[in-house]
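Below is one structure, written out as structure tokens; the observations come after it.
Residue numbers begin at 1 in each chain, while the letters A, B, ... track the order of the sequences.
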Amino acid sequence: MIKAILIFSNQGKPWLSKFYQPYSEDTQQQIIGETFHLVSKRDENVCNFLEGGLLIGRSDNKLIYRHYATLYFVFYVDSSESELGIFDLIQVFVETLDKCFENVCELDLIFHVDKVHNILVEMVMGGMVLETNMNEIVTQIDTQNKLEKSEADSQLSTCLHPQGGQSLKCEQCRKEYI
Amino acid sequence: MALKMVKGSIDRMFDKNLQDLVRGIRNHKEDEAKYISQCIDEIKQELKQDNIAVKANAVCKLTYLQMLGYDISWAAFNIIEVMSASKFTFKRIGYLAASQSFHEGTDVIMLTTNQIRKDLSSPSQYDTGVALTGLSCFVTPDLARDLANDIMTLMSHTKPYIRKKAVLIMYKVFLKYPESLRPAFPRLKEKLEDPDPGVQSAAVNVICELARRNPKNYLSLAPLFFKLMTSSTNNWVLIKIIKLFGALTPLEPRLGKKLIEPLTNLIHSTSAMSLLYECVNTVIAVLISLSSGMPNHSASIQLCVQKLRILIEDSDQNLKYLGLLAMSKILKTHPKSVQSHKDLILQCLDDKDESIRLRALDLLYGMVSKKNLMEIVKKLMTHVDKAEGTTYRDELLTKIIDICSQSNYQHITNFEWYISILVELTRLEGTRHGHLIAAQMLDVAIRVKAIRKFAVSQMSTLLDNAHLVASSTQRNGICEVLYAAAWICGEFSEHLQEPQHTLEAMLRPKVTTLPGHIQAVYVQNVVKLYASILQQKEQAADMEEAQAVTQLMVDRLPQFVQSADLEVQERASCILQLVKHVQKLQAKAVPVAEEVSALFAGELNPVAPKAQKKVPVPEGLDLDAWINEPLSDSESEDEKPKAMFHEEEQRQAKHRLPEVDEEELARRREARKQEQANNPFYIKSSPSPQKRYQDTPGVEHIPVVQIDLSVPLKVPGLPLSDQYVRLEEERRHRQRLEKDKRRKKRRDKEKKGKRRHSSLPTESDEDIAPAQQVDIVTEEMPENALPSDEDDKDPNDPYRALDIDLDKPLADSEKLPVQKHRNAENAKSPEKEDVPVVEKKSKKPKKKEKKHKEKEREKEKKKEKERKGEDLDFWLSTTPPPAPVPSTDTLSANTNTDAAPKDELEEPRREAQDGEDQDQDQEKKPSKHKKKHKKEREERPKDKKRSRKKLPGSEEAPGEPVQNGALEEGPLPPMSSYSLLAENSYIKMTYGVQGSLQDSQVTVSIILENRSSSVLKSMELSVLDSLNTRMARPEGSSVHDGVPVPFQLPPGVSNEAQFVFTVQSIVMAQKLKGTLSFIAKDDEGATHEKLDFKLHFSCSSYLTTTPCYSDAFAKLLESGDLSMSSIRVDGISMSFQNLLTKICFHHHFSVVERVDSCASMYSRSVQGHHVCLLVKRGENSVSVDGKCSDATLLSNVLEEMKATLATC
């Protein structure tokens, strides 16, 4: 099982946090802080596995992380997951982000945490690995985005044929016309 | 209203969206909190509006704030509102917010049930998907209970996207609602063979997760997983399965034996490091589970160690880390194989990566020997000096102590060296492990008598320099060693060189700043020291000096009397009075030393924590007997009973009193022992007389080696342990020279002895005799002190509830032999079960129905268990993996017929185990076994009763080479007995036919799959009966009536219905025309639809898999009243085993006997025709000779078989 997935910056700012076990907001922040503390002091060329932090980790738990330029991707997992498997999964995650955002950069993640969540949801569900095939993930994301877009379009079309000229009705209209 | 909407829209223009919020927060770095609280106020306003888009935007922002640590539980209801939006865009936002912030304590969560149910059955797969994903994060026991059925249905959804999510979420449902596990399990198991790799992987995932917690319940799945392992190419799935096997093997060593070879092959063939690593891990687990007396597995160990060495040597730190991790697992059972890689592991100690160093440290424990202990510890000591973080340093410290003290200081040859190491460790600042060092010092000083002198000198130095130890601000840690130092100096004061000096050191004012418990020990031991000085002085008739010492005591003790610590105060006051009394006596020139020393007379021996328990109760002593008669009160009460309750009270009074006392006593005893056991400083000062007599001989007879005099005993100042390394070398060299002569003569003898004595021997370990001897009082555990497993388990462990026996048979009373159900079960051997057993008429079935279904399910499971139980033993005892297929068919068909076969079912199991035993025998003494086996075969025809009980498979077992078939055979393609019946845009029908031995009936199972977005209801199946074949209809209906399908089909759902047909003649294949009529209802309205089909009854479908025994088979063939026919098919590439499996599966045969590429098979028709086959495999062809009581049936069956084989 995956216990938690975190993305944070080199400064420890969280850009995404997903906990698969219930923790209070305070504990979540503590875990993020502690994880950052553990991970950030490690050199570049050391191993990517850490025996868990005090909070989330009992003896069973491991912390597997990857460091990309300005970002840390951290997975907390228990012993049922393969260390190298999760290590690869992080890479799949990042490559998927890269595909979905078209050359992903930190700012994409900062401003579109909801989209990152939507991508993550197609990979990991309730702490278990759902899909590891990047193409499959990207296909599903694309279809869902299209669905969202068609919903927005239909809303737009009702706006284009307004009754009483309420063309300011929706977000999309505002973006189009103002 | 309109105005309000316009107003709302205008307001929205100025709303922030998520990006604005993030940007805003970034721009307000100075007053972030203030800015956010402003935003939250805005969000609260937005949530009050009616516009769902506004609300969704607000919730989206809240989700972001939640990540920053803001509690958003107050918006839970708004989140639910957004979840229930009709648009996917908003729904997704709502579910995301819920999954981030809802938990079991969220009270509004119960409002979501219906919404989620609606979303789950939504025609849009993404609505369903989003609901499943959200639910996986916040499912509660209530939700799990209410939605389990819906999710279970989704497991058979047409879209793999939904199926895989539904399968995965079932794990969460099981966790929250364990009752759902049994009903859902069959379907989950089915999904292991789902055509979609994603669904398959999800099912593997869930079962692995379940099995990890309660492996024993999943052993029966081992054959299935084995098949998956040998056929799957998906590394993710393979890793999970291999990990699962790692958890299963400890429970079933035979499984391990079976696994070794395929795993070894994988290790050799895979290029994926992750897979390789997991394989190695599981092989290690297998090796651990196998008994050590298996020499042929040393190759596997070597392979693992070799591969791990490659990992450790890799420049990739991750591989290095994992290699070390796995190595430590091998170390536990095969230390020798690891020890040869000592160089590598020592090298890792110098790695710059702390994780790697820690892993290497773990391994060191098993690396040390008498020979290299000093060298390794020396290395660790330099690390201690260099270590930066206290955590790593503390880890080093504990490891050093662990390594040195392991198995009663087995590897220490020179205790002076060890004491100096301990003393050196006291220089560590800020360590948390002062008490560990102290405990070691005490232990060594007490157990190693020869070292006391040295220890005392070291400890006195330590006491003298107490200011160094105690001066640091973190007094809590290292000053613990002063406790040990004070005690050792006091207790063994006769060894002190300058007792007076030490006494002064212990009475310094600075001491009062130490923690109370240490001061207390100081005070107590000051008196011991004082007593011994007094004696010395008096013996030397130096009365003045003696009085001076007393004066010193009288002067200094008051500082302890003032201590705030009660213990210190009490001891100090007592002792002060004593010393003052001594002073008075001294003034009168009375010799007092003798009497003062008498206070501390006697030797303290180490006593095992549980020793007290072993004290035998003296004869004639009844510990339970009353010492005094019980109080007269109760007696008088008993004597004057109050009418009605007389009897009861009396009985209670008599029984309860002693019982309570016993319990109480036991409790106290236990508590005290616990305390003693936990207290490293606890030393029993006066063991009971018996105890002492028992122990003394044991202690005394140990020859105490005198300290080599060449070792300087007095080391000025704090010594350096390093010098001992050199000295030790010299000592050993001398020893070697001395021994050389003696040893040549009796080398052989010694070699024998070696193995017995030491658990971790190294080549020349025995050559090194320790300089000092350790007294180990044998710490025998009393028989009743078994560690109970229950204690280890956390009662709150959520996984405990899932410890459900999935194969558990049900009580007899629960079996309800109803004709229809029997048929239903009959049709559902696991291989054919594409569709759930449980039929769902409506979402909420009535209670009665539910109960009934439950029973049906459980019954189903019982059958499964019987099959599985057989399967597992059978599978484990024989080789070919596909074998379970025929045997399951066999048994499932059999269980229904009558009670008699049951006995037979019991027998094969034993046989199978016998087979297994034989296998083992065979490994040990193959030649003998062969003979035995031959003999057995000859005997068989004579001994009918015995051989009758053999299952066909168990016979074939010994005839085959051990443990290979599985690997040589290619993977078997998935087989299904279901074929397409008819389809249109609304519905797809697939069907399978299964014969039953009763009343020449066949059951047709039809899977109806709704492909449309409408709900299909009022389905009715009408068939045009032929003269030969008729459909069984409900009583009272005419031949032209249809039979209703007992369920409706929501969009995307499939279900299975069964129809029984009666057949007159079965020798020919039959075709029946029929029509399915139904009503398709969607939002626009309902339409009547029809679908025509043709049911094809092949001759094979009239055959039922029936086991047959070789002797009965032979009789049949000999009887001569069977007609014969044969076919031959060329161009066959499939392996023989798979071929047989195919015949078994499609034509319902069972293998009677198989010898090499020739097999005899048997089946029986629903009307009792015997069909016997002899299948022979040629180069590229297969020939089948058949004998049957009906010629037409035989030729038809063979024709059908020809068609099947032609596709192989």
Side-chain angles (χ1 to χ4, degrees), chain A residues 1 14-20 22-26 28-29 32 42-43 45-51 79-85 87-89 110-114 117-118 121-122 125-133 136 140 143-144 147-148 151-152 155 164 166 168-171 174 178, chain B residues 2 5-6 9-10 12-13 17-19 22-23 53 57 60 63-64 66-71 87-89 92-93 96 100 103-104 124 126 132-133 136-137 161 164-165 168-169 171-172 198 202 205-206 208-209 212 236 239 243 273-274 277-278 317-318 320-322 352-356 358:
Chain A
M1 292 277 282
W15 300 137
L16 176 119
S17 70
K18 180 86 214 173
F19 292 88
Y20 295 103
Y23 290 106
S24 73
E25 275 76 12
D26 288 342
Q28 292 185 0
Q29 291 306 306
I32 296 173
R42 291 177 66 81
D43 289 337
N45 45 4
V46 298
C47 77
N48 298 67
F49 313 127
L50 269 175
E51 256 103 306
S79 63
S80 74
E81 300 295 337
S82 146
E83 290 90 344
L84 293 171
F87 190 66
D88 282 355
L89 186 69
I110 295 174
F111 286 108
H112 300 283
V113 64
D114 48 343
H117 268 296
N118 294 337
V121 148
E122 296 299 328
M125 187 175 138
M128 285 186 283
V129 179
L130 177 69
E131 185 59 68
T132 51
N133 179 343
E136 170 69 19
Q140 296 300 347
T143 330
Q144 290 178 49
L147 180 62
E148 260 194 353
E151 282 182 354
Q155 196 166 18
Q166 292 177 23
L168 298 177
K169 203 171 178 182
C170 67
E171 175 89 352
R174 187 170 63 116
I178 297 177
Chain B
M5 274 178 73
V6 175
S9 308
I10 292 173
R12 284 228 35 219
M13 284 175 58
N17 63 15
L18 175 61
Q19 284 75 44
V22 175
R23 199 171 294 122
N57 184 45
C60 185
T63 312
Y64 182 79
Q66 193 275 340
M67 182 182 73
L68 298 184
Y70 290 85
D71 174 30
K87 283 206 161 102
F88 172 71
T89 317
R92 180 151 80 164
I93 292 173
L96 174 63
Q100 291 291 83
H103 48 87
E104 253 172 60
S124 156
Y126 292 111
L132 283 173
T133 313
S136 74
C137 291
Y161 179 77
K164 69 180 177 190
K165 288 196 170 195
L168 266 196
I169 202 182
Y171 178 65
K172 295 277 172 165
N205 232 328
V206 170
C208 287
E209 204 61 50
R212 199 166 69 93
W236 285 91
I239 286 176
K243 265 184 171 287
M273 275 302 180
S274 48
Y277 175 68
E278 296 306 339
Q317 297 283 312
N318 290 331
K320 203 185 276 274
Y321 173 87
L322 293 176
K352 58 192 176 308
D353 189 346
E354 190 179 299
S355 310
I356 293 198
L358 282 172

Legend entry - Contacting moiety of Leu168(B), where chain A heavy atoms sit under 4.5 Å: both

Legend entry - Atom group of Cys60(B) that falls short of 4.5 Å from chain A, counting heavy atoms: side chain

Inset, instruction - Name the member of Gln100(B), Met67(B), Glu278(B) that forms the most heavy-atom pairs with chain A at distances under 4.5 Å. - result: Met67(B)

Inset, instruction - For His112(A) and Gln19(B), run side-chain contact (heavy atoms from CB on, under 4.5 Å): C-alpha distance rounded to whole Å, both residues' side-chain angles, the deciding distance at 0.1 Å, then the answer. - result: CA-CA 7 Å; His112(A) 300 283; Gln19(B) 284 75 44; 3.3 Å; yes

Inset, instruction - Mind ranking Tyr277(B), Tyr161(B), Tyr64(B) by heavy-atom pairs under 4.5 Å with chain A and telling me who comes out on top? - result: Tyr161(B)

Inset, instruction - Measure the spacing between CD of Glu81(A) and OG of Ser274(B) and express it to the nearest 0.5 Å. - result: 12.0 Å

Legend entry - Gln140(A) vs Tyr126(B) side-chain heavy atoms within contact, under 4.5 Å: yes

Inset, instruction - Give the member of Gln29(A), Lys18(A), Gln28(A), Glu136(A) that has the highest number of heavy-atom pairs under 4.5 Å with chain B. - result: Gln29(A)

Inset, instruction - Quick one: which of Ala202(B), Ser355(B), Cys137(B) has the most heavy-atom pairs under 4.5 Å with chain A, could you say? - result: Ser355(B)

Inset, instruction - Under 4.5 Å, counting heavy-atom pairs only, tell me which of Leu16(A), Asn45(A), Asp26(A), Asn118(A) racks up the most with chain B. - result: Asn118(A)

Legend entry - Contacting moiety of Phe88(B), where chain A heavy atoms sit under 4.5 Å: both

Legend entry - For chain A, the option from Lys164(B), Arg23(B), Glu354(B), Glu104(B) that forms the most heavy-atom pairs under 4.5 Å: Lys164(B)

Legend entry - Part of Ile110(A) lying under 4.5 Å from any heavy atom of chain B: both

Legend entry - Top contributor to chain A contacts, counting heavy-atom pairs under 4.5 Å, from Lys352(B), Met273(B), Gln66(B): Gln66(B)

Legend entry - Side-chain heavy atoms of Asp114(A) within contact of Ile93(B), under 4.5 Å: no

Legend entry - Pairwise distance NZ(Lys172(B)) to OH(Tyr20(A)) - rounded to 0.5 angstrom: 9.0 Å

Legend entry - Close side-chain approach of Lys320(B) and Cys47(A), heavy atoms under 4.5 Å: no

Legend entry - Within-4.5 Å side-chain heavy-atom neighbours: Met128(A) and Ser136(B): no

Inset, instruction - Using modelled atom types only, decide if a donor and an acceptor are shared between the side chain of Asn205(B) and the backbone of Val129(A) within a distance under 3.5 Å. - result: yes

Inset, instruction - Check each atom of Ser24(A) against the heavy atoms of chain B and say whether the ones under 4.5 Å are side chain, backbone, both or neither. - result: neither

Legend entry - Non-hydrogen side-chain atoms of Glu83(A) and Asn318(B) separated by less than 4.5 Å: no

Legend entry - Arg42(A) vs Asp353(B) side-chain heavy atoms within contact, under 4.5 Å: yes

Inset, instruction - Flag the one option from Asn133(A), Ile32(A), Thr143(A) with the top tally of heavy-atom pairs under 4.5 Å to chain B. - result: Thr143(A)

Legend entry - Which portion of Glu122(A) sits near chain B, non-hydrogen atoms under 4.5 angstrom: side chain

Legend entry - Ser80(A) to Lys243(B) - nearest heavy-atom pair and separation: O-CD, 3.3 Å

Inset, instruction - Count the heavy-atom pairs under 4.5 Å between each of Thr63(B), Ile356(B), Ile169(B), Thr89(B) and chain A, then report the option with the highest count. - result: Thr89(B)

Inset, instruction - Could you check which of Asp43(A), Asn48(A), Val113(A) has the highest count of heavy-atom pairs closer than 4.5 Å to chain B? - result: Asn48(A)

Legend entry - Any Val121(A) side-chain heavy atom under 4.5 Å of Lys165(B) side chain: yes

